[in-house]
Amino acid sequence: MKLSRWWRWCHSWALVLCAILRHRVVDSATNQDDVNGLLALQDAWNAQNILQWTGNDPCGLQWPHIVCNDANPRRVIFLAVSGLSLTGTLPEDVGLLTALETLDLSQNELTGKLPPQLGKLVNLHNLRLQSNKFTGSIPPELGNLEQLQYMYLTSNRLQGPIPHEIGRLKNLYWFDIAGNGLQGELPYSSDGKNQMNVGLDNLTATRHFHFNNNSLEGSIPSAICHPDMALIHMLFDSNQMSGVIPDGIEQCLNLTILKLDHNKFSGTVPASVGKLVNLTELHLNSNQLTGELPDLTNLTKLNVLGLSDNQYAPSEFPAWMTSLVSLTDMQMDRANLEGPVPKTFFELPSLAAVNFDNNEVNGTLDLSTSKPSLLFLSLRNNNIGSTSLGNFDQELHLEGNPVCNTSAFANSQVCTQVPAALSQSYQSSTNCTNQCSMNSIPNPIDCSCAIPYKCHFTYRAPSFTTLSDRNHLKVFVNTVATNLNMSEMQIMVPEAFFNDQNQLFVSAWLFPNGTEIWIPEDVVRISSAAGNIFPPMFGPPMFQAEPYPFEWPTSTRGSGLNTGAKIGIGVGAVVIGLIVLGACIFAFVQKYHADKARSSRETYPASWGSGKTDSGGGLKLKGARWFSFAELKKATNNFNESNEIGSGGYGKVYRGELVTKEKIAIKRAEQRSMQGAVEFKNEIELLSRVHHRNVGGLVGFCFEQGEQMLIYDYMENGTLRDALYGYSGIKLDWRQRLHIALGTAQGLAYLHDLASPPIIHRDIKSSNILLDGKLNAKVADFGLSKIGPNDGKTHVTTQVKGTVGYLDPEYYLTQQLTEKSDVYSYGVVLLEMLTARQPIEHGTYIVREVKALLDKGGIAALRSILDPKLQHESMLEVQKFVKIAMHCTEESALCRPTMSEVVKEFEEFNAQELAEGGSTRSSKMFDGRTSMNKRQLSDSDYTAYSSKNSSRDSSFHDSAGFA
Ligand SMILES: *[C@@H]1O[C@H](CO)[C@@H](O)[C@H](O)[C@H]1NC(C)=O
Ligand SMILES: *[C@@H]1O[C@H](CO)[C@@H](O)[C@H](O)[C@H]1NC(C)=O
Ligand SMILES: *[C@@H]1O[C@H](CO)[C@@H](O)[C@H](O)[C@H]1NC(C)=O
Ligand SMILES: *[C@@H]1O[C@H](CO)[C@@H](O)[C@H](O)[C@H]1NC(C)=O
């Protein structure tokens, strides 16, 4: 008895030591260049107290704002420090971080030149340097970043030309250099100014050229439009560009927004513009265009047409104007229009705002047949002699027309009033009357004093031109709230207006909820995400924020221990370790003999205080057994290859049989990739607490002789992944797939709602779903799982982990983990079950591909990627399944269902399936749920889904980064 207690004491200590030592091993495992690179950044920004990067192991010590991969040594792949008011320059040593995939330094005060060493970050997908004070020119070395998909240099002070080398970015999807002082002509491959024969025309993957608000010169090279060019947004507005608009522009067939306003373009508008049939916005305002306007009859998707302020030949209202059936906003101020406005123009079904100021419009203004959509009409300074207004009672401006001298409009607002309030504000709550001091402002939630994060969004191409419709700001607030996971009450819009370049400027003050001040993590999150907020009809913003007055700790390097102290502790630990070890060897030998004599296995009751993240919490186990290494060695015939049933990044899985004939599966971590003691402990602790039919239960574990092993029930039918891809000889029919989908959902719903405390799995994928002999699904592998939020919080903030392809894009972006991240991954698994395709295959991402197919051809189009084994299934069935999958993979976590809702949907589904299959089980038992489910399903209806998506192209933008 005494001996066994002594032994337990020893064993606990050994485990503690292992944990400490292993931690140190992990410590030194971050790539040294990454360590040096990050420290160089911190030094250059003098930001020790802001970044809190202490010690010398970014990955092991989980420095804030970074994410590492699991390579050996570990590499830093993600760095986001948006909105922290960082000052200083970007040092050359940033080039050491060669594994980076995302670099987000946006919304800071960084100055100096962009170092050419940025060109060494060849793995970069996402480069976000917008809204700083960088000067100098764009380094040609950026052309080396062949993986790059997003380049944001927006709103800096960059000068000089766009380098030809940018044309080498074969994967570039989004190219945003707006709001700088860039000069020179647009480079193209055959302009004779470069030897490499490369230029903007080689960017065939790019959809967005956002070059507005610079000092770019010269004409639009015809070369940049050719049949392989996929551009949808060409924003060249507010530059110094000149020359004629080239005929060749018609080759940029996919353009939806063409903004050339506020330049010096001259000559006639070519007829080829009328062939860009997918245009929704065409802006040519404020140029020096002459001649007659071309026939735009075929631009039936056009919402906004801006033709103001040019020098066209005088002309009557062209007939094509009345065929622009989608037109909402028309601007033809100073456009040399003559004659009466055709009455039929006002019959356009969606027309909302029209400006014909400063022309020679005459005759009668006939609004008797205008549509209710019309909210704003301005015809100041024309020659209108009479009106027929019918029922029209919205904002109308006729100042400077002869009609104003008639009695009809004597003293009427129509002839005196200045155009509508130029600036609007919006707030969903009542006003507070109390005063606050300094930076504080009464929080609209409860009027307590709080410091808001003051954000400014400049929308460059909204598809409306006035704020007469107050719904726009409402939609804005709603979208911001949804995207940032806030309530609408937290958002105040003190000011919104169209600036003189027809860009919509919106200030939004974001208030913390329940506290006086935002914490830095929240500001980084908001700041990183805000540039991607595209409320419907608003289009892509330029985002800027006022530096937030954080309360940084006063002393630098204030927190954490200094390196000397750490080394001291390390040495101390080793010395104590040796002493304990000595004592333990003695005990071990004794124990070994004792164990042999007594072959019973005991439940392991350790109290295990381990790594730094665990302050005093011991290991709490219910029923998980401790196995000796020898025992497992025997069960697997010395880990014989023939018993291997799986392998992965962590190591191998073996089948084994205990002396009791009990079959087990043993997950044995590989020496090199052994998870930290903390993670290992995490998994044991979590698993020993969960007990559900659809959750893989833990039988026991072994932590001995440098081994980490977890022992589970053996699952005869292996992983779902193997079953789907035919590696395990099982063919899953439709019914079986439904059964597995339901089981998995039930397991997850249990973890989210019933486990105490709730558990977020974080790594749901087909290879983590196991199938027992009866094809019951069991959710397994809890290495990355997290205890869910409590204390009324809705999320936990954490570094992003998980498996590429299954990763929730919102989690990736915000680092906020909620159960909905599991829901997303589960949705991806559903798509995998449907198609028997990996989430990312041949460079395409399954979620995006399915969405695209549905958009294109509805459910029928899905046949092309359906698992051949399901080719004979009814598409009606498939459709229901897809609906659930698409609902789960909604981009916004808020829109996704909870797992228990999914369970209900599948239960209903299965019930119907059984009923239709002639089963005796009646679907009556699900009646209560049925009505509820109908409602839920209709929310995610395809029609709603596709119209929502086509109204903004942000969806692709946001998720593309993960594919
Ligand atoms: C760029 O495009 C031009 C014109 O298509 C082509 O001749 C040239 O080879 C391309 N350059 C590169 C580097 O791909
Ligand atoms: C233009 O859009 C269509 C439909 O979305 C697409 O099939 C085509 O590939 C696009 N063109 C280019 C050059 O990408
Ligand atoms: C316009 O867009 C539609 C749908 O995106 C696409 O199918 C079509 O090919 C485009 N038209 C042209 C001329 O590119
Ligand atoms: C509009 O499209 C029709 C049908 O494609 C074509 O015949 C006509 O010439 C086009 N009109 C103009 C002005 O491009």
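As the structure lists them, so they are numbered: ligands from 1, and atoms in each ligand from 1.
Across Asn212, Ile249, Ile257, a single residue satisfies side-chain contact (heavy atoms from CB on, under 4.5 Å) together with Met234, and that is Ile249. Here the options are Phe175, Tyr152, Tyr173, the test is ring pair (Phe, Tyr, Trp, His ring centres under 6.0 Å), and the partner is His208; only Tyr173 passes.
Under the 6.0 Å cut-off for aromatic ring centres, Phe356 and Phe317 qualify, their centroids lying closer than that. Aromatic rings from Phe476 and Phe457 are positioned such that their centres are separated by under 6.0 Å. Taking the six-membered ring for Trp and the full ring otherwise, Phe464 and Phe538 have centroids separated by under 6.0 Å.
Take Tyr188 and apply the ring-ring contact (aromatic ring centres under 6.0 Å, His included) test, not counting sequence neighbours, and it matches no residue.
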Any protein N/O atoms within less than 3.5 Å of an N/O atom in ligand 4? List the atom names and distances, or say none.
unit_1   : atom_1 : unit_2 : atom_2 : d
ligand 4 : 2 (O)  : Asn298 : OD1    : 3.2
ligand 4 : 2 (O)  : Asn298 : ND2    : 2.3
ligand 4 : 11 (N) : Asn298 : ND2    : 3.0
ligand 4 : 14 (O) : Asn298 : ND2    : 3.4

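Short contacts between ligand 2 and Pro227, defined as distances under 4.0 Å to a heavy atom of the residue, involve ligand atoms 13 (C). Applying the 4.0 Å criterion to heavy atoms of Asp228 picks out, from ligand 2, the atoms 13 (C). Near Met229, with a cut-off below 4.0 Å to any heavy atom, the atoms of ligand 2 are 13 (C).
For the pair Asn254 and ligand 2, the shortest N or O to N or O distance falls below 3.5 Å.
In terms of heavy atoms, Gln311 sits closest to Asn336 at C-ND2, 4.4 Å. The two atoms that bring Asn239 and Phe211 nearest to each other are ND2-O, 3.1 Å, heavy atoms only.
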